[in-house]
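In each ligand, atom 1 is the first atom listed, and ligand 1 is the first ligand listed. All figures in this text were calculated on a predicted structure; none of them were measured in a lab. Reckoned from all heavy atoms, side chains included, excluding hydrogens, waters and symmetry mates. By convention here, the first residue in the shown sequence is residue 1.
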Amino acid sequence: MKIGIICYPTYGGSGVIATELGKCLASKLGHEVHFITYEQPTRLNFFDENIFYHKVDIRTYPLFKYPPYELALTSKMVEVAQAEKLDVLHAHYAIPHASAAYTAKQILAKKGINMPVVTTLHGTDVTLVGKDETFEPVVSFSIDESDCVTSVSESLKEETYDIFDLTTDIKVVPNFVDLSRFTKHKKDHFKTAICPSGEKLLVHVSNMREVKRAGDALEVFKRVREKIPCKLLMVGDGPERAKLEEKCAELRTCADVRFLGKIAEVEEILSVADLYLMPSEKESFGLAALEAMACQVPVVSSNAGGIPEVNIHGLTGMMSEVGDVDDMAQNALHILDDKNLPYFKENALKQAQQFSIEKVCPLYVDVYEEAIEKSRVGSR
Ligand code: GMT
């Protein structure tokens, strides 16, 4: 099958999932994958004969205060679909990919080409940005017009139906993890460097946007540190980072907190961690928590959105209400107790294995086949 994947090429979860999916489809299942994005996807840094990258060229013109990216993307989709004889277009993150794919489909239909479109909803494309009135009519229309729609969790599926007036069926295809990459690497020298006296190591990874509530990770750490020797690594970067560094100083925890910025090989950090903190206000799935679990790291999280589908309370970690940092700190201390830690680590890994890329990737092939069939029937 020839598959066109449209996604954000950046560090965010939707881009990571789209890229890893494309890699799996090409290298493990033998499909031909064409990425259509404005930059080379971050995790697409190697050669594979079945993977192609088509850059969306955005031209500026003095009249354009806002360069029309969606038009350039749509035109590129039309060009690639025709030239490469694609079988299906898969849009990850509805804005603006689903509406661009819809327009590309209409243009191709005029040329006598039937082009099935699959849209995968990732979270904020529905729960934060998509429901905003400046986008809502276009987003709900283009989701409904896709031949198949998937969401990354049951929670996101329900929320999408609550927010939009849709007639389409949404199928849940959960996010996944590559267990050959996210596994416990032996990095004892890292652990000794960060925690020279055997302190427990807590880790938070995010793009440091408000919705991640990374400040709560600092609050939880402060409370845990009052009880046991520990360190915190803050991985990632984003608009809240400067405020977070200030907060760290206010809480007087800087000596034990390190901001690492963006780390490409995040599994090396996770490999030496004892606990992962995910205090997010919203999270359709919580891919970063799954990646931590694959490295045998239990999770202390909020119970927002789809997190309970990933982090099972009392088994793989523990959950609290959003913002309840006292409860999160108590949970962290419970998990970090040496009597309990091995139990949580073992279950975290077992849970991650349920979401292996080998299990989930073929589910998308089924969705493509369904979209091709639906689109063929619809075009008759
Ligand atoms: O929220 C982010 O950090 C990025 C965002 C994205 O679209 O890149 O993540 C969303 O998609 C991820 C992959 O499906 C999910 O694991 C995240 O939970 C989801 N984020 C939110 O819903 C806030």
Side-chain angles (χ1 to χ4, degrees), residues 5-22 37-39 41-43 90-98 118-132 135 139 143 149-160 162-163 170-178 182 204-214 216-217 234-241 262 266 276-294 299 301-311 319 322 351-352 355 357 360-361 363-364 367:
I5 292 186
I6 304 99
C7 63
Y8 283 108
T10 45
Y11 277 92
S14 66
V16 166
I17 284 294
T19 313
E20 295 297 340
L21 171 64
T37 64
Y38 60 81
E39 250 170 36
T42 314
R43 289 198 187 176
H90 187 179
H92 283 265
Y93 203 91
I95 303 172
H97 304 145
V118 173
T119 295
T120 291
L121 307 173
H122 278 275
T124 46
D125 45 352
V126 171
T127 58
L128 217 63
V129 197
K131 72 175 184 187
D132 188 290
F135 298 114
V139 175
I143 291 173
V149 181
T150 73
S151 83
V152 299
S153 64
E154 286 291 341
S155 149
L156 180 60
K157 171 178 163 176
E158 294 315 319
E159 216 174 331
T160 306
D162 287 347
I163 291 171
I170 301 176
K171 190 183 168 80
V172 176
V173 179
N175 283 335
F176 51 81
V177 63
D178 180 352
F182 285 88
H204 169 80
V205 184
S206 78
N207 49 22
M208 297 186 184
R209 288 181 291 126
E210 257 183 69
V211 72
K212 299 294 174 183
R213 293 186 69 100
D216 286 1
M234 299 286 284
V235 183
D237 208 336
E240 295 293 299
R241 178 164 171 185
K262 286 179 187 168
V266 72
Y276 186 83
L277 299 176
M278 178 173 269
S280 305
E281 184 177 337
K282 285 179 189 289
E283 207 67 70
S284 67
F285 183 90
L287 181 61
L290 179 62
E291 292 178 340
M293 286 181 198
V299 174
S301 70
S302 63
N303 57 6
I307 296 179
E309 294 170 49
V310 183
N311 184 22
M319 287 186 299
V322 173
Q351 170 74 339
F355 295 89
I357 193 164
V360 178
C361 188
L363 303 180
Y364 276 111
V367 173

Check: Which of these, S284, S153, G13, G123, has its nearest heavy atom closest to atom 15 (C) of ligand 1?
Finding: S284
Margin query: Any nitrogen or oxygen of G286, side chain or backbone, less than 3.5 Å from one on ligand 1?
Written below: yes
Note to self: Can you classify the ring geometry of Y364 versus H90 as parallel (below 30°), tilted (30 to 60°) or perpendicular (above 60°)?
What the structure shows: tilted
Item checked: Contact check: F285 vs ligand 1, nitrogen or oxygen atoms, below 3.5 angstrom -> yes
Margin query: Does ligand 1 come near enough to K282 that some N or O of the ligand is less than 3.5 Å from an N or O of the residue?
Written below: no
Next item on the list: Going by heavy-atom distance to atom 13 (C) of ligand 1, choose the closest among D125, N175, V152, L287.
Entry: N175
Notebook entry, point to check: Taking the minimum heavy-atom distance to atom 4 (C) of ligand 1, which of E281, R209, H122 ranks first?
Noted result: R209
Notebook entry, point to check: Hey, what's the ring geometry for H97 with Y8, parallel, tilted or perpendicular (30° and 60° as the breaks)?
Noted result: tilted
Item checked: Partner of K212 under salt bridge (Lys or Arg N to Asp or Glu O under 4.0 Å), chosen from E281, E283, E240 -> E283
Next item on the list: On the 0 to 90° scale, with breaks at 30° and 60°, tag the F355-F285 ring pair as parallel, tilted or perpendicular.
Entry: perpendicular
Check: Backbone or side chain, does any N or O of G15 fall under 3.5 Å from an N or O of ligand 1?
Finding: no
Margin query: List ligand 1 atoms under 4.0 Å from K212, heavy atoms only on the residue side.
Written below: 1 (O), 2 (C), 3 (O)
Margin query: With rounding to the nearest 0.5 angstrom, report the CG to NE2 distance, L121 to H92.
Written below: 11.0 Å
Checklist line | Distance filter under 4.0 Å to N207 heavy atoms, resulting ligand 1 atoms | finding: 2 (C), 3 (O), 4 (C)
Check: Would a distance-only check, ignoring hydrogens and angles, find a side-chain to backbone donor-acceptor pair under 3.5 Å from D162 to T160?
Finding: no
Check: Passes side-chain contact (heavy atoms from CB on, under 4.5 Å), N311 versus M319? Steps please.
Finding: CA-CA 8 Å; N311 184 22; M319 287 186 299; 3.8 Å; yes
Notebook entry, point to check: Is the closest N or O pair between Y93 and ligand 1 shorter than 3.5 Å?
Noted result: no
